[in-house]
Structure formats: C-alpha cells, structure tokens
Amino acid sequence: MQFEGAMLEYRLQKDKDKFEPIYYYTNIDLPQILTRRECEFFIKEGKTYQQLSSAIEDELFVIYVKLYEETPIEINEPLYEGIKLEFRELNAYKNYPLITFEYMTNHLDILSIIGSIYTYIEDKEWERDSAEIDEDRGVYVLYVKPTGYTRVT
C-alpha cells in the first residue's frame with residue numbers, strides 16, 4: 001500500500017450498523033490522518049462529533065463518528081506560522097480554561113504530544129483525557145487534568 005496523497009473520510013453513524021459519509025479529504029498526508037485519528041473529538045460547522053472507531057480500506061482512511069453536540073460556529077483564529085495546539089484543563093465548571101498554547105511545525109509534532117499520557121507544562125505534570133481537532137477554529141486541543149506532581153529541576 002502507498003499512502004502518499006492518501007484520502008480520509010468521516011462517516012456518521014445513522015443506525016447501529018449504518019454509516020453515512022459526511023466529510024471527504026483528498027491528497028491528505030499520512031501524519032495529518034494519524035493525528036486526526038488520535039483525536040476523540042472532531043468539530044466542523046458547529047457540530048462536535050465523537051470518534052467511535054477507525055479503519056483503512058485500501059488507500060482510504062475512515063474515521064467513524066457519532067454526533068456529540070451542536071454549538072454556534074466559532075470564528076477562525078488568526079493564522080500564524082504553524083499548527084496551533086491548545087492545552088486546556090478538563091474542567092467544565094470553569095469552561096475548560098486555556099493553560100497554554102504552542103505553534104507546531106507539522107502534524108507529527110502534534111501527534112507526539114497528544115499521543116502521550118503525561119505532559120509537563122511549567123514543570124507541572126498533566127494527564128491526558130482527550131484531544132480534538134477543531135476545524136472551525138483551525139486548532140488542535142489537548143484536554144488534561146493536573147496530577148499534582150511537580151517536576152524538580
């Protein structure tokens with residue numbers, strides 16, 4: 001199999017075993033597909049989808065999703081050099097506060113962070129809960145919770 005210029009399709013669950021294609025991407029690079037597959041949530045056009053599973057059919061990658069919630073569309077963020085990754089505390093009562101953010105140069109950099117269970121921000125350890133790609137805002141988001149551990153440097 002060759003994955004250069006691969007294709008990705010999101011399929012929405014309609015019934016227990018019935019899925020309908022909703023978004024299709026052509027000529028998408030493998031690191032971006034793998035990064036998207038690592039995200040439990042996908043936001044597009046004001047709809048949040050939760051990933052159910054993923055598959056590969058020849059050169060077509062498939063991500064199966066179900067509708068999680070609908071919210072007003074958030075405006076795209078200003079474009080900067082790189083791919084934005086936000087770190088947010090998993091705390092619904094505080095509206096998932098932003099801890100920090102970074103701009104990465106490629107999807108493998110994003111994948112290396114969102115694929116890790118633990119990450120450190122200013123010497124404090126945070127545990128991964130989930131990740132999302134928010135196409136409406138053009139960012140990846142990593143939701144984390146504090147472990148209480150502080151790294152001594």
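The neighbour count for K124 NZ, taken as heavy atoms of other residues, nucleotides or ligands under 6.0 Å away, does not exceed 12. When the shell of 6.0 Å around CZ of F19 is examined, it contains more than 12 heavy atoms from other residues, nucleotides or ligands.
For Y24, there are no ring pair (Phe, Tyr, Trp, His ring centres under 6.0 Å) partners, not counting sequence neighbours. Residues meeting the side-chain hydrogen bond (donor to acceptor under 3.5 Å, both in side chains) test with Q32, sequence neighbours left out: R36. Residues satisfying the salt bridge (Lys or Arg N to Asp or Glu O under 4.0 Å) criterion with K66, sequence neighbours excluded, are absent altogether. Taking F61 as the reference, F3 meet the ring pair (Phe, Tyr, Trp, His ring centres under 6.0 Å) condition, with sequence neighbours excluded. Scored by the salt bridge (Lys or Arg N to Asp or Glu O under 4.0 Å) test, E40 finds R128 as partners (sequence neighbours excluded). For Y96, the ring pair (Phe, Tyr, Trp, His ring centres under 6.0 Å) partners two or more places apart in sequence, or in a different chain, are Y143. Evaluation of the side-chain hydrogen bond (donor to acceptor under 3.5 Å, both in side chains) rule for E70 yields no partner, not counting sequence neighbours. Applying the salt bridge (Lys or Arg N to Asp or Glu O under 4.0 Å) rule to E57 yields the partners R11; only residues at least two apart in sequence or on another chain are considered.
Sorted pairs that involve residues 47-56 and meet salt bridge (Lys or Arg N to Asp or Glu O under 4.0 Å), not counting sequence neighbours, are lacking altogether. The salt bridge (Lys or Arg N to Asp or Glu O under 4.0 Å) contacts involving residues 23-34 comprise nothing, where partners must be two or more places apart or lie in separate chains. Every pair passing side chain to side chain donor-acceptor pair (under 3.5 Å) that includes a residue from residues 108-123 is listed here, sequence neighbours excluded: T105-D109, Y120-E125, D123-R151.
With respect to the salt-bridge test (charged N to carboxylate O, under 4.0 angstrom), the residues K18 and E20 do not qualify.
Separating the OG1 atom in T147 from the CD1 atom in I117 is a distance of 13.0 Å, to the nearest 0.5 Å. Considering CG of L12 and CG of L52, their distance stands at 9.0 Å, rounded to 0.5 Å. In this structure, CG on D129 lies 11.5 Å from CD on E89, to the nearest 0.5 angstrom. A distance of 7.0 Å separates CG of L142 from CD1 of I114, quoted to the nearest 0.5 Å.
With N106 contributing its side chain and L108 its backbone, the two residues share a donor-acceptor pair below 3.5 Å. When atom types are taken as modelled, the side chain of Q51 and the backbone of C39 share a donor-acceptor pair closer than 3.5 angstrom. Checked by atom type and distance alone, the side chain of N91 pairs as donor or acceptor with a backbone atom of Y93 at under 3.5 Å.
Within the cation-pi definition used here (under 6.0 Å to the ring centroid, within 45° of the axis), K84 does not qualify as a partner of Y140.
Note: Y10 and F42 have parallel aromatic rings, judged against thresholds of 30 and 60 degrees for the angle between ring planes.
Hydrophobic cluster of F41: the remaining members, joined at side-chain heavy-atom separations below 4.5 Å, are Y68, listed by chain and number.
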